[in-house]
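When a ligand or atom number is given, it counts from 1 through the structure's own listing order. Only a predicted model underlies this, so the values are computations on that prediction, with no experimental measurement involved.
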Amino acid sequence: MNDLIIQNIQELILPKSTDRPLKGRELDELTIVENGTVVVKDGKIVYSGPHTEEYEAHETIDATGKVVSPALIDAHTHLVHGGSREHEMALKRQGVSYLEILKQGGGILSTVKATREASAEELFKKAEYNLLTMIHHGVLGVESKSGYGLDRETELKQLRVSHRLADKYQLDMKHTFLGPHAVPAGRGGEEFMQEMIDFLPEVKDYADFADVFCETGVFTIEESRRYMQAANDLGMRVKIHADEIDPLGGLELAIEQHAISADHLVAASEEGKRQLHDSDTVAVLLPGTTFYLNKDSYADARGMIDNNGAIAIATDFNPGSCVTNNLQMVMAIAALKLKLSPNEIWNAVTVNAAKAIGLDAGTINTGDRANIVIWHAPNHQYIPYHYGVNHAEKVIKDGQVIVDHDLALK
Ligand code: NIG
Ligand code: FE
């Protein structure tokens, strides 16, 4: 006997199972079954496809008028951090730029101070709340970065909190070391980078990936290359915050270093975008950040897709440049500002987001883990359209309903 049948699904979204990220035109290909059925047993998908009465189960959920999809994956977050930076809103209103705030010792460096001061328990509580918010919004796969310690003790404190969360909620999480996220006050970029490189053999036990913020006034291309090479030599996969504000050639470096992803890419060069053609490095685009930094120009997602690139989209949830952990909101921004089609958006937050962080997730085909969302929405276009609110009605993890939103008032 099966455990669960989801029946009468208005639209069942079935991204393709694939070993490689979806690239170029493949991103617009998505199977959407009208009047679908999903069958689950022992936490795994037994069947997903057109309506069938063939199966029996202990429990049936009627999804008439609803959309069903794989649970979403948020492939770029700074989940674990101390404090908040609402005071920066006033500076932003006065036109002070993100990099200028950082130069003045604010921005990332102010979160570093708060994260150093916070106890592991305080960090855990705060990150737990934000993680649960994500889960309530339909996310069951999360990448979580360190990077607000810039010292051994605090970076490890962040990574341990991240692991504790993954254990407590038995979640698909990937943990990323982002030691070179900023240059601490009074230090030189090169010597601090060397300290982070020397730290990699120890950090390897706590982190799946090594990441770096390659940007004007932060780390140069050469410093970033040395770091990525060192991580690669140790067998760690690498990521890079690349070409977010200035076009330094971060995307080209990511491809050269076989990064699993290159993230931001708002200012990526034509040459970098061209090189995506022959690369499986996933361009993780973070349009919520561009929105929140109040910029006019967004990443050239269309150009990357036209060049047969692989793209994913993610929140970049952090206390400064993108203060939202609602991936649905970012799907709406991607529709408007990156000009992605609904099919591209769904692939970018499921299967390709999983590829960007090396997760076997983002699909609900036979044999897959039954991580599913039932959406209070009549069709798949609706979610990026009706923006800023939560459309996830039920979130199902390993075949169990773990979130069930009932709007009835108490
Ligand atoms: O991805 N750009 C660098 N790092 C983060 C922002 C971190 C922060 O402002 O606290 C990002 O946008
Ligand atoms: Fe980031």
Side-chain angles (χ1 to χ4, degrees), residues 74-89 91-92 96-116 118 123 126-127 130 142-150 154-155 158 162 174-184 209-219 224 238-248 250-251 254 259-268 282-295 298-299 312-325 327 330 333 353 356-357:
D74 197 340
H76 182 137
T77 86
H78 303 253
L79 177 64
V80 182
H81 60 261
S84 56
R85 310 213 301 257
E86 49 276 37
H87 56 279
E88 283 179 13
M89 282 301 233
L91 295 171
K92 281 185 171 184
V96 186
S97 77
Y98 180 73
L99 289 180
E100 188 52 42
I101 294 172
L102 177 61
K103 221 164 131 193
Q104 292 172 8
I108 295 173
L109 292 173
S110 100
T111 300
V112 167
K113 186 169 181 291
T115 306
R116 285 178 179 173
L123 288 181
K126 188 177 171 73
N130 284 314
V142 178
E143 186 258 10
S144 161
K145 299 178 195 294
S146 67
Y148 292 120
L150 315 183
T154 317
E155 290 292 319
Q158 281 189 274
S162 189
K174 291 284 181 170
H175 316 275
T176 300
F177 173 62
L178 177 57
H181 191 195
V183 183
F209 306 112
D211 196 348
V212 50
F213 186 18
C214 178
E215 186 58 66
T216 306
V218 192
F219 296 101
S224 304
V238 293
K239 289 179 165 276
I240 177 170
H241 283 64
D243 305 324
E244 175 180 355
I245 295 160
D246 290 328
L248 299 187
L251 177 54
I260 190 163
S261 73
D263 301 37
H264 285 290
L265 306 181
V266 176
V282 180
V284 176
L285 308 181
L286 309 164
T289 308
T290 315
F291 167 77
Y292 204 77
L293 291 177
N294 229 347
K295 299 266 168 135
Y298 283 71
I313 55 178
T315 59
D316 191 20
F317 171 55
N318 73 72
S321 70
C322 191
V323 197
T324 185
N325 36 356
L327 187 53
V330 176
I333 302 174
I357 55 173

Intermediate values then yes/no, side chain to side chain contact (heavy atoms under 4.5 Å, CB included), Phe317 and Leu79: CA-CA 7 Å; Phe317 171 55; Leu79 177 64; 4.3 Å; yes
For atom 4 (N) of ligand 1, the closest protein heavy atom turns out to be His181 NE2, 2.8 Å
Please confirm whether Thr111 approaches ligand 1 to less than 4.0 Å, judged on its heavy atoms. no
Please state which protein non-hydrogen atom is closest to atom 2 (N) of ligand 1 and give its distance, to 0.1 Å? Glu244 OE1, 2.7 Å
Are Ile240 and Asp263 close enough that some pair of their side-chain heavy atoms sits under 4.5 Å apart? no
For Arg85 and ligand 1, does the shortest N/O to N/O distance drop below 3.5 Å? yes
heavy-atom search around atom 10 (O) of ligand 1 in the protein gives Tyr148 OH, 2.6 Å
Tell me which protein heavy atom sits closest to atom 12 (O) of ligand 1, plus the residue, atom name and distance to 0.1 Å. Ser321 OG, 2.6 Å
Do Leu178 and Lys239 come close enough that some side-chain heavy atom pair is under 4.5 Å? no
Under a 3.5 Å cutoff, is there a donor and acceptor pairing between the side chains of Thr216 and Asp246? yes
Hey, can you tell me if His76 and His264 have their rings parallel, tilted or perpendicular (30° and 60° cut-offs)? perpendicular
Can you give the angle His78 NE2 - the Fe ion (ligand 2) - His241 NE2, rounded to 10°? 110°
Lys103 atom NZ, over 12 foreign heavy atoms within 6.0 Å: no
Which residue owns the protein heavy atom closest to atom 11 (C) of ligand 1, what's the atom, and how far is it? Asp316 OD2, 3.1 Å
Could you tell me whether ligand 1 has any atom less than 4.0 Å away from a heavy atom of His76? yes
Of the protein's non-hydrogen atoms, which lies at the shortest distance from atom 6 (C) of ligand 1, and what is that distance? Tyr98 OH, 3.0 Å
Atoms in ligand 1 flagged as close to Ile108, the criterion being non-hydrogen separation under 4.0 Å: 7 (C), 8 (C), 9 (O), 10 (O)
Looking at the Fe ion (ligand 2), is there an N, O or S atom belonging to Asp316 that lies under 2.8 Å away from it? yes
Answer yes or no for His264: is there a heavy-atom contact with ligand 1 below 4.0 Å? yes
